[in-house]
Each structure stands twice: as structure tokens, then as C-alpha cells.
Amino acid sequence: MKAAIAPISAINDFVVKFANVNGSGSASANELFAKAILRMGVPVSPRNIFPSNIQGLPTWYEVRVTERGHLGRRGGVDLMVAMNPQTWNADLKEIEPGGYLFYDNSKPLPASRFRDDVQVIGVPITEICNAAYSDPRQRQLFKNIVYVGALSVLLDIDKGVVEKLIGEQFKSKPTLLDANIQALQLGRDYVEKNLAHPIGLRVQAADEVGDRIFVDGNSAAALGCVYGGATVCAWYPITPSSSCAEAFQAYCQKFRIEAETGKHLYAIVQAEDEIASIGMVVGAGWNGARAFTTTSGPGISLMTEFIGLAYMAEIPVTIINVQRGGPSTGMPTRTQQADILSCAYASHGDTRHVLLFPEDPHECFEFAAAALDLADRLQTPIFMMSDLDIGMNQRLCAPFQWDDARRFDRGKVMSAQELEAGREFGRYLDVDGDGIAYRTYPATHPGKGGFFTRGTSKDAFARYSEAGSDYLYNVQRLLKKFDTAKALVPQPVVCSAGRPTTNATIYFGSTSPAMSEAIEAMQADGIHLDTLRLRAFPFPEAVGNFIAAHERVFVVEQNRDAQMRSLLINEFGIDPARLVPILHYDGTPITARFITGEISARVGAAKLKPISKDKVASS
Amino acid sequence: MTYIAKPKLHHPSLATNKVCHTRRDYEGKISTLCAGCGHDSISAAIIQACWEMDIEPHKVAKLSGIGCSSKTPDYFLGNSHGFNTVHGRMPSVLTGANLANGELLYLGVSGDGDSASIGIGQFVHAMRRGVNMVYIVENNGVYGLTKGQFSATADQGSTSKKGVVNTDSPIDMVSLALQLGATFVARSFSGDKRQLVPLIKAAIAHRGAAFLDVISPCVAFNNHPGSTKSYDYVREHNEAVNRIDVVPTRQEIVVDFAEGESIEVEQHDGSMLCLRKLHAGYDPGNRISAMNHVQERQAQGEIVTGLLYVDPDAADLHQHLNTAALPFNTLGAEQLCPGSTVLERMNSSLR
């Protein structure tokens, strides 16, 4: 079918979206497609858009092919692989003018079902599979590999690369290997014989991937917990965090088996609910084992009482929050950064908690291990604030690193020898001026070091007390401890615009790839911004100084109520007018187009205002 | 008051146990509970049992929830670490602590408010998992600390101090525990030290979750006529199915009752439980008949006490999870961190 406008022509820079029915076996075929392009040295950034369901509903896999390495979601689709009749209309609408629609034309559709500015590519996949296979399950499953084969010719993807990947996937299952290679070839043969190829979109080998790895954030976080010495994990299944606990299980089965005995150097309990999960983590942390739980927003809500107990009783606890759309049950399979305030101030009374904001799987690994150290050092809950976009999608990122000389920071723990030698022990006594007291593990010494742990007010020696002065000493020491945390947490990453500017932007977490792309695009348009990527709360002084150095700071985040902006205003006492909220919160990952559009409009609007005589023009 | 120091003097001829401790070494602070409270008797029984079992006092972790009963860990084992957690959630904290170091004795003290209402879920799952602990519910049928509201174990038709009638059907934690597969289920009465102390000893020796429902009258709010958890009512309706003695390994068992009237149960550590039958035909090794007996007698208004069920061969949570012998809280990077070579291989597999 001939398109009314020129078809898009792009090498290594386009978006392919697969529209499938979930439970149909499409996920591994689509991943094969993405990995093949990666192996050709071209960066890809795939995203799962999946329903809150197990089988039968629509699911999409959106792959951005990006030689320039822009890993954020672009927005818009150049090639739609429309394998789900249910979503045909919506899928068709999403294609860029001049884009392509690939479909199974075993039953050809009338012209009215298409657009005249979209090129249609039909391959009779069902017919091909029915001819090649008799088993109904095979007929269904191999459809996916057939279309990967077809696409590989259409987009000029290296056949050898795809076959090598299939070989790796089915290394131990030779019959499946042959069947998959055959299915791939069926797709390739049809296109080679019947269709013009390659199309305007194509892949060309490059060398832009480097030594980067391709991994999802949840697996990376789990691996970080293994490396960081977690021995106890208590969790409750909830989308999108379950795969983190399951990955921890798988890694422990590989790496935490005692060689001589075959016994486990770990304990994982799938608890009856999130309250029991966090309770077990509190108990384990109290008794000197590194423990963590992984959950999402609704789990955090349930855990808040225990979080308050851990804060007041000063117990090391690590919580991985893979954020999703809220509030309440919200959007379980969509991403947001909407738990900032509920985590920063979790629980009743005056509380403040350490939050870490990883931007990608590499930082998920690093920050998970760091969280376990920080929990022990600060004797308090540490939240690692991931989200669905990072956690459940494979992302290209820097390889994991570990220094074998690194030891765990167990924090201030008084030993039996120190107690025996007569060293003074006050469980809630500030001895070093940093607000952090010494603790003892249970059963350390027969006659010294024992104390009662409670969430109630106490004196510096853990004796129950209702005296106002004891209470004040304690809660003010907790503030001092929080202040000490500023230098210990991951520091912000600041980038200069390259020329003086009074405009800046602050962002964090999964916004980062879209932000880098947006900064580049705006620069080309003459809009220059200094940037600061937050990596933790409490905010180090550098953050306050950065804001003070600019007239206007755009705070970009993925929630409705500008939570991070509120946190900044609250913590620094800044005039709210200085911080401009840029909010994206429909559950899809934020795009560079969005950021560019929103910031440019506001900067543009500002530019139109008359400049007063005594003010320097902003850039 | 817990801030009044206890006198350190004791009688020079006070007996010492095998770890050279007197009973005083197992005590805690002075109780602030009401005079005559059943819970204080239970604390005394815990002290007696730990002393007789030669437990090293600091190798105990005592955890509780919130309530009058949950205050009691302060009043025994003053040299061990204690944890007063949050209402109804002691089992999860204890489970986590146990996972970190399975070598300690874990005493979980709770009440009927703490464990049969807000905490019923955690009680249920602790029984299911078989975490190695002594789980004592100090059961008085009311919320004492908040001044006398009914708890979920209050019998239907029983009255509060102010004359309000409870219309809800009661939760019987013993029946519930049996149904859930608990491997050690007992009931006793704070006023019967002869029965209670051996039961606590047996619970300490048991590997798994040992549940003791101890009726413990609240003199302030639930000791009046109309209460089914008062001293008078319990004494009149107590039906003990057996009396037990815990005999350590290698000690000769002195049989002082007629043949056919006792059962001997060997525990996993070689110690023996000698159960003298008080009720003919009661078999504490048969879960179903135990459930039947308890329910039948209950329907007659009787409170069945004694060691109601025990499985001496049960495994605990550590065994289910196949954990290594060394406590997790002693391990470091050398044992736990796979290292950079493994990480490089991981990186390669992700390219």
C-alpha cells in the first residue's frame, strides 16, 4: 500500500513498538529482537507496558533504537508491530506520519483499517505457522519468532547475531534450538521472497554500546543486597517489586551456599503481609543481621508503624521501594515517583528518613549495597527509592563494580571485650557528637550491655523515662544524626550549562535519561540550564547552594503534587516562587519531548516579559 | 516502679544451678503490675523454669507486644536483651531476630488482646512456620492496660466489671493452634505453679513454636462473678489432662505412679517428658483427639489444662530454611560477598 507522505527514513534512530496479547510468548521474542540490535553495537532502550493481568489482555514492548544513546522514552512510534486485534485502533493512531505498520495479513484487512500516511507491511504469519506446524501450541508460540525473522530482514538486522542469541538461549535444549532457528528462517524467507527490504528504518552495525550491561533494576538491586551482605529478606509479593525478592532468592541459591555443608547463608521468608515483613526485618536488624524488604507504595503504607519504631528505637532496616502509580491501589503496572513525602516523613510524630534515588540499574546495585552500610552506620531505616520504569525494564548501564578489599561498615557496635574492660555503655548516649550512639547485639556479655528496646521515650541508658529533658535530648540527637547523614549519603551530581545562566533544573531517579536528552535539545535551541541530579535525602548543603545561585529552578518529577519540590521548600525554607514544578504523572515514563516542551514554554514566556533596566538579561 | 532499685542482698545459702547462678540472677526489675496480678506469677514461673534448665541468662531474647503482659519481660531476666515491640506484632520481630541468631532462647510474651485481636494473623503464621520460640499468652479476657474492655478470648455471655455482656463468640487460641499444625500446645493457669513451671521447661526444650495459653486473672477488671477468667472460676472448672515433669538426659526417671498411668516422650535433645495422665485415655500425641477433647470439655464449661499436644520430632523454621550453623550476625564479607571475579562473569552474561 502506498503512503501519501514520504516514509520515514532513519538509521539506528527510531522507535519500534510491539503490540501483543500477554501470555502469548511474545516477551522472549521481543527481547531477542532488542538484544540482537544491541549486539550489533547500537544502544536500545526497551520498555514493557503491561496490564495488571496474567493472560489475555494487551501488552506492549516499546523499543527505542538510539545510536546516540538516548535511553529515555522518546514518545511516538515509527514502526508498529500490531499483533493484537483488540488494540488495533489505538495502535494505528500512535504511529508517526510516514511510519510503518507491520501485521499478520493471513486475513488481509480492508483499506479503511489503515491510514494513508502509514506504510503497511503484511506477512501471513498464521498461514506460515499453520503450514509448518501441526501442534496448536507451537503454531501460537512460533508466530513470535517468525515475526522476529521477518523484521530482521526488513530492518537489516544481522542474521548471524540473532542466531547466536538463539543459540545462547537454548544452549541446553538442542531440539528447541533447531525449531527456533527454523521459525526464524521462515520469517526471513517470506520477506526476502515477497517484500521490498530493507525499509526506510534500518539498523547498521556501530560501536556505541561499549562495555555496558543490559539488566533490569530489580535484579541489580537484589545483586547489590547479596554483595552488601544481606542475610535476611522478608517480603510480600506486590507489583512491581516481587521480581527483586525473587532475584535475591535466585542469586542466593547460586552464591550463598556454604561449600562444605550445602546449607544456606541466607534466610528468605515470604511473610503473611507487609507488616510481618518489616517486623522480621526489624527483628533481624536488632539482632545484628543485615536485613531488607522490598515493596511498593501500598506496602509502605502498611509498614509505617514499624518504620516509626525503627526510627525511635534506632534499628537498622533497609527498604527497597519500587514505586508505582498511586494513590491506593492506583496503577499497579505503571510508573511514578509518588512516595517521596510518604517515605521521607513516614510514621506519626516527628520523623525523617534517609532516601536514596538511583537513576538506573547500575546505581540500584551500588545504592542497595550502600543502603545496608548506611542502615548499620546510622541505625535507622534507609529507603532505596526505585520505580517501575527502572525496576522492571532492562536498561543499558555501566557494568557492576566491586572492590574486593571493601568490608561492611557495621557501625558502632560495642563488643564483649570493651564491655568487660569497663567501657561505659549508654544505648542512646551521644559519645562522638555525631548523634549516633553505640549498640550491643543480644547475648554479647553475661552481665553488661543488656537493655530494653522500645519505641517509648527513654534516657540515654535505655531506661524508661517520661521526663521532658530525656525526651528532648533523644529527639534532638536524632536530628543531629540525620544531619550527620548528609555527608554519608550519595552526593548530588551537578552539571554546568557551559555558559552563565540564571535557570536551572533539579531532577532525580528515572527522569535522568529523558533529562540528558532534553538538555541537549534545549541547548540547540539556545536554552541553557545548569542541572542537579539529586541522589539522596537528606539534602547536602550543595543542593541549597545550587538553588540559591539561580533565579529559577525547574523541579522535574513524576507525581501530581510536586512532592520533591515540597521537600526542598520544607527543608531549606526557600521561597516557593523560586522552584517551578514540571510534572509528568500519567503512568508512562517521562520523555525528553515533555521536559523540553514544558521548560521551553516557561523560559519562552519569561523571555517575553519586559526586562527591567537594572536587571541582567537571563539566557 | 521500675526505677526503684532492687536490693542486691540475698541469702548466703541460696542454691546455684549448673551454670553457677542463683534464682536471683534470673530476676528482672520490680513489677509495676497490680498486686495479685496473675502475670507476676507467670514471671516467677519463667524465672524458676530458666533457673532449673540451667539457661545462661544473657543468652535469652525476650520479646513482647503491648499490654500489661507485654510489660512483664522487664520483670525477669534482667541481663538479657528485651524488645517491647508494637501491638500484636511480636511474632514477626521475634522471627527476624531468631533468623539472625538461632542459638538464643526466644521468649515471646503476649496477651489475649495482643495475640487474639490485632495480632491474630501474626500468631497464626508463627504457629504455621514453626519458629523456635516459647510463645506465652497471658490470657485474662480483657484489655487491662486500657482499663477493662473485652478481648477476643472473653467467653460469650460473660460480663465485664461494669456489667456489660459480651455477645461475641470467643477465640480459643489452643484450638486454633492445634488446627494450624502447632507442634506444642499447652494451657495452664497462673495460680498452678506445679503445672506451669514444668510446662515452661518443656516449651523451652521443644524445637519449634511452643504455645502456652496461660489463664492469668486480671484482679483489676476481670476477677468478679460473671467472669470466666477469674481465680474462682478457673479453680472450679480446671480440668488438667496430665501433669508433666521434664527430666534431662542421663538422669534416671523415678517412677512414682502406677504403670499405665504415664507416658514418656523423648525430646529431640534427649531429654524426657514424663506425662502423668490425669485423664484416662488422653493422648497428647494425637492432634485430632486433642482438638476433640478440648472442644467437648469447653462445651461443658470446663477449662482443659496440661500439655495438650506435642510432636517431639518437629522441625523448626531454621531447619525448614536449611540455614547454615553459624549465626548470621557473626558473618562478614568473606563469607557473604561473592567477589569481583563473579561480578565480572555476571557482567559478561549481561552483554
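Lettering of chains follows the sequences in order, A, B, ..., and the numbering in each one begins at 1. Bear in mind that the values here come from a model prediction, so they are computed numbers and not experimental data.
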> Is it true that A:R407 and B:E334 have a side-chain N and a carboxylate O under 4.0 angstrom from each other?
yes

> Which atoms of A:V269 are under 4.5 Å from chain B, going by heavy atoms: the side chain, the backbone, both sets, or neither?
side chain

> Between A:L265 and chain B, which part of the residue has a heavy atom less than 4.5 Å away: side chain, backbone, both or neither?
both

> Hey, are B:H81 and A:T444 close enough side-chain-wise for a donor-acceptor pair under 3.5 Å?
no

> Please classify the contact of B:L104 with chain A as side chain, backbone, both or neither, using a heavy-atom distance under 4.5 Å.
side chain

> Between A:Y266 and chain B, which part of the residue has a heavy atom less than 4.5 Å away: side chain, backbone, both or neither?
backbone

> Is there a donor-acceptor contact under 3.5 Å from the side chain of A:D404 to the main chain of B:S340?
yes

> Below 4.5 Å, heavy atoms only, C-beta onward: do A:F306 and B:S92 meet side chain to side chain?
yes

> Please classify the contact of A:T440 with chain B as side chain, backbone, both or neither, using a heavy-atom distance under 4.5 Å.
both

> Given a strict heavy-atom distance threshold of 4.5 Å, which part of A:V226 is in contact with chain B: side chain, backbone, both, or neither?
both

> So what's closer than 4.5 Å to chain B heavy atoms on A:A271: side chain, backbone, both or neither?
both

> Report the option among B:M346, B:E56, B:K59 that has the most heavy-atom pairs separated by less than 4.5 Å from atoms of chain A.
B:M346

> Counting only non-hydrogen atoms closer than 4.5 Å, can you tell me which residues of residues 211-219 of chain A sit against chain B?
A:D211, A:R212, A:I213, A:F214, A:V215

> Is a donor on one side and an acceptor on the other found under 3.5 Å between the side chain of B:N347 and the backbone of A:F400?
yes

> Name the region of A:L165, side chain, backbone, both or neither, that has any atom closer than 4.5 Å to a heavy atom of chain B.
neither

> Is it the side chain or the backbone of A:E168 that comes within 4.5 Å of chain B heavy atoms, both, or neither?
neither

> For A:A234, which atoms come within 4.5 Å of any heavy atom of chain B: side chain, backbone, both, or neither?
neither

> Would you confirm whether B:N329, through its side chain, and A:N287, through its main-chain N or O, come within 3.5 Å as a donor-acceptor pair?
yes

> Take A:R463 and B:D74 through the test salt bridge (charged side-chain N to carboxylate O under 4.0 Å, His left out) and record every step on the way to the result.
CA-CA 11 Å; A:R463 294 178 293 225; B:D74 228 356; over 6 Å; no

> Is chain A contacted by the side chain of B:P57, its backbone, both, or neither, given a heavy-atom distance below 4.5 Å?
neither

> Can you tell which part of A:R39 gets under 4.5 Å to a heavy atom of chain B, answering side chain, backbone, both or neither?
side chain

> Heavy-atom pairs under 4.5 Å with chain A are the metric here; pick the option from B:L99, B:I66, B:V86 that has the most.
B:V86

> Go through the atoms of A:A291 and report whether side chain, backbone, both or neither lie under 4.5 Å from a heavy atom of chain B.
neither

> For each of B:N79, B:L321, B:N322, tally heavy-atom pairs with chain A at distances under 4.5 Å, and name the one with the top tally.
B:N322

> For chain B, which residues from residues 253-261 of chain A have at least one heavy atom closer than 4.5 Å to it?
A:F255, A:R256, A:E258

> Do A:Y464 and B:N84 meet the criterion of a side-chain donor-acceptor pair at a distance under 3.5 Å?
no

